[in-house]
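Just so it is clear: chains get the letters A, B, ... in the order the sequence lines come, proteins before strands, and each one is counted from 1.
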2 protein chains.
Amino acid sequence: MMKERWIKVLKELALIGAMDSYVTISSRALSKILGCSQQTASRYLIEMERMGCIDRKLGIRKQRVRIGEKGRELLQREYLDYKKIFDARRRDIFLKGKVISGLGEGKYYTTIDGYTEQFRKKLRFTPVPGTLNVRVNKDYLDRLMELKGYEGIRIEGFSTEDRSFGGARCFHAEINNLDAVVIIPDRTHYMDILEFISPFRLRDRLNLKDGDHVDVIIHLGDGDEESGDS
Amino acid sequence: MMKERWIKVLKELALIGAMDSYVTISSRALSKILGCSQQTASRYLIEMERMGCIDRKLGIRKQRVRIGEKGRELLQREYLDYKKIFDARRRDIFLKGKVISGLGEGKYYTTIDGYTEQFRKKLRFTPVPGTLNVRVNKDYLDRLMELKGYEGIRIEGFSTEDRSFGGARCFHAEINNLDAVVIIPDRTHYMDILEFISPFRLRDRLNLKDGDHVDVIIHLGDGDEESGDS
DNA sequence: ATTACTAGACCTCGAGTAA
DNA sequence: TTTACTCGAGGTCTAGTAA
């Protein structure tokens with residue numbers, strides 16, 4: 001059960017700063033913003049709190065409100081939709097990060113035939129074993145969210161007798177101006193880490209060591225350039 | 001009278017391409033997207049057409065729908081709200097362009113004392129004479145528009161007996177990872193050209209010649225700039 | 001001043017159905 | 001197949017009011 005109206009309420013709350021921290025807002029003040037009665041505003045807040053969209057701290061004379069986990073997700077999804085509409089021809093995402101040691105799961109992808117065969121076919125290169133891992137600066141994390149909206153180049157999961165291997169999405173990218181491919185496993189825990197694969201040893205080519213800051217460009221490439229240029 | 005629900009309908013229509021041109025969509029298909037009944041979808045379309053949010057072309061078996069002037073405005077307003085929420089702390093603009101020969105007016109700025117004094121004070125360097133000019137790729141022109149919203153570092157205009165010299169705005173920037181400053185005269189004709197000043201000869205340092213492609217990052221804020229809206 | 005409950009007015013929805 | 005009307009059920013709103 002998901003009320004369409006809540007999106008608007010969440011949006012208005014976000015606009016007065018409830019995204020970052022608790023803001024003091026009375027139900028009457030909110031009703032003025034929303035153009036409804038105090039009672040309705042109050043009801044919205046109660047319902048939204050119950051659904052986990054917002055957190056509230058009720059005082060005797062004032063309440064403080066903050067957008068919760070679920071509310072943030074809803075707003076983000078909405079934002080992405082609008083981005084798709086208005087920013088449709090966006091071609092790439094730029095961000096900064098720093099090199100870290102490999103923690104990601106991406107190393108599997110570079111050594112298992114079931115994956116490397118797909119790389120050869122879909123990316124037209126055989127990656128060297130291992131991935132270059134970049135932790136995205138937190139100022140740029142929001143930019144990463146945009147990636148969710150794009151399919152990229154699909155790498156299919158598969159199964160052997162022993163276990164199953166998950167799928168992933170790939171995006172052509174540049175790291176410090178050198179072409180590479182970023183690979184995002186479908187099921188990953190590290191939402192701030194990008195893993196790069198390449199036909200070269202990126203660390204050597206770029207002369208990188210842990211902690212080095214790098215500039216990354218991720219090509220979203222919705223154009224038809226990737227798929228079939230026969 | 002303005003229905004909140006219509007925003008969602010408009011958004012879904014926009015996502016299937018109704019922003020650019022007429023799309024064929026039956027009321028049943030729309031109802032599936034919206035998660036409501038065919039009757040309700042039909043009613044939405046009728047109401048929204050009446051309010052000027054959409055244009056319709058009714059055929060005998062199919063209708064074609066396009067987002068109208070008013071609908072476009074509503075979506076745009078919505079998008080801007082979300083931009084405020086999520087893009088508020090945007091720190092820089094990334095774009096690509098190519099080096100061109102100096103056509104801009106920026107060369108004045110690097111040779112006239114009235115300007116260079118301000119550069120020394122506000123940018124803390126004395127630029128070498130001349131500017132590096134970059135024509136922005138047209139895919140990134142929309143990104144440039146965002147610059148309008150930022151004051152940057154103000155360079156004041158001034159007058160001598162002979163003539164008057166206009167003001168400009170400066171932004172710290174990077175061109176192919178080398179720090180530089182982009183200078184935008186208040187009155188400029190070339191809306192797709194960026195002019196860079198630097199304490200070094202950028203062409204030499206970066207080994208650039210006309211036609212070379214460069215990556216540019218423009219830093220919007222020097223930290224604690226207030227974000228007062230229009 | 002607050003928040004939020006209750007009750008009834010009002011509106012919105014979708015099944016049925018016509019064209 | 002379409003679009004879109006009517007109308008009754010049920011959901012949502014606000015006035016009144018308590019705490």
- Calculate the interatomic distance between Met48(A) atom CE and dT3(C) atom P; express it in whole Å. 15 Å
- May I ask you to decide if Val134(B)'s main-chain N or O and Lys98(B)'s side chain share a donor-acceptor pair within less than 3.5 Å? no
- Distance only, no hydrogens: is a donor on one side chain within 3.5 Å (strictly under) of an acceptor on the other, for Tyr140(B) and Asp92(A)? yes
- With the side chain counted from C-beta on, respond yes when Leu123(A) and Cys170(A) share a heavy-atom pair under 4.5 Å apart, and no when they do not. yes
- Message: Does dA4(D) have OP1 or OP2 under 4.0 Å away from a side-chain N or O of Arg56(B)?
- Response: yes
- Message: Check whether Arg169(B) reaches the backbone of Leu147(B) with its side chain - one donor and one acceptor, N or O, closer than 3.5 Å.
- Response: yes
- Message: Can you see whether Phe165(A) has Arg163(A) sitting over its ring - NZ or CZ less than 6.0 Å from the centre and within 45° of the normal?
- Response: yes
- Item | Any donor-acceptor N/O pair, Asp192(A) side chain to Val136(A) backbone, under 3.5 Å | no
- N/O donor-acceptor pair under 3.5 Å between Thr131(A) side chain and Asn133(A) backbone: no
- Apply the salt bridge (charged side-chain N to carboxylate O under 4.0 Å, His left out) test between Asp55(A) and each candidate in Arg64(A), Arg66(A), Arg50(A); give the one that qualifies. Arg66(A)
- Message: For the backbone of Val99(A) and the side chain of Arg135(A), can you confirm whether one donor and one acceptor N or O come within less than 3.5 Å of each other?
- Response: no
- Give the rounded distance in Å between these two atoms: CG of Leu58(B) and P of dT1(D). 19 Å
- In 5'-to-3' order, the base (B), backbone-only (S) or no-contact (-) status of each nucleotide in nucleotides 13-19 of chain C, using a 4.0 angstrom heavy-atom cut-off, is BBBB---
- In whole Å, what is the span from the CH2 atom of Trp6(A) to the P atom of dC13(D)? 11 Å
- Query: How many Å lie between CD on Glu47(A) and C1' on dA4(C), as a whole number?
  - Reply: 12 Å
- Evaluation steps, side chain to side chain donor-acceptor pair (under 3.5 Å), between Gln38(B) and Arg28(B): CA-CA 5 Å; Gln38(B) 172 269 324; Arg28(B) 165 125 320 266; 4.9 Å; no
- Looking for any heavy atom pair under 4.0 Å, which part of the strands does Ile46(B) touch: base, sugar-phosphate only, or nothing? sugar-phosphate
- Query: Can you tell me if Gln118(B) uses its side chain to pair, donor with acceptor, with the backbone of Glu156(B) under 3.5 Å?
  - Reply: yes
- Separation of dC13(D) P from Glu4(B) CD (nearest whole Å): 11 Å
- Message: How bent is the helix from dT2(C)-dA19(D) to dA19(C)-dT2(D), measuring the angle between the end axes built from five pairs each, rounded to 10°?
- Response: 40°
- Note on the structure: Contact check, residues 22-32 of chain B vs DNA chain C, heavy-atom distance under 4.0 Å, returns none
- May I have the distance from Lys8(B) (atom NZ) to dT12(C) (atom P), rounded to whole angstrom? 17 Å
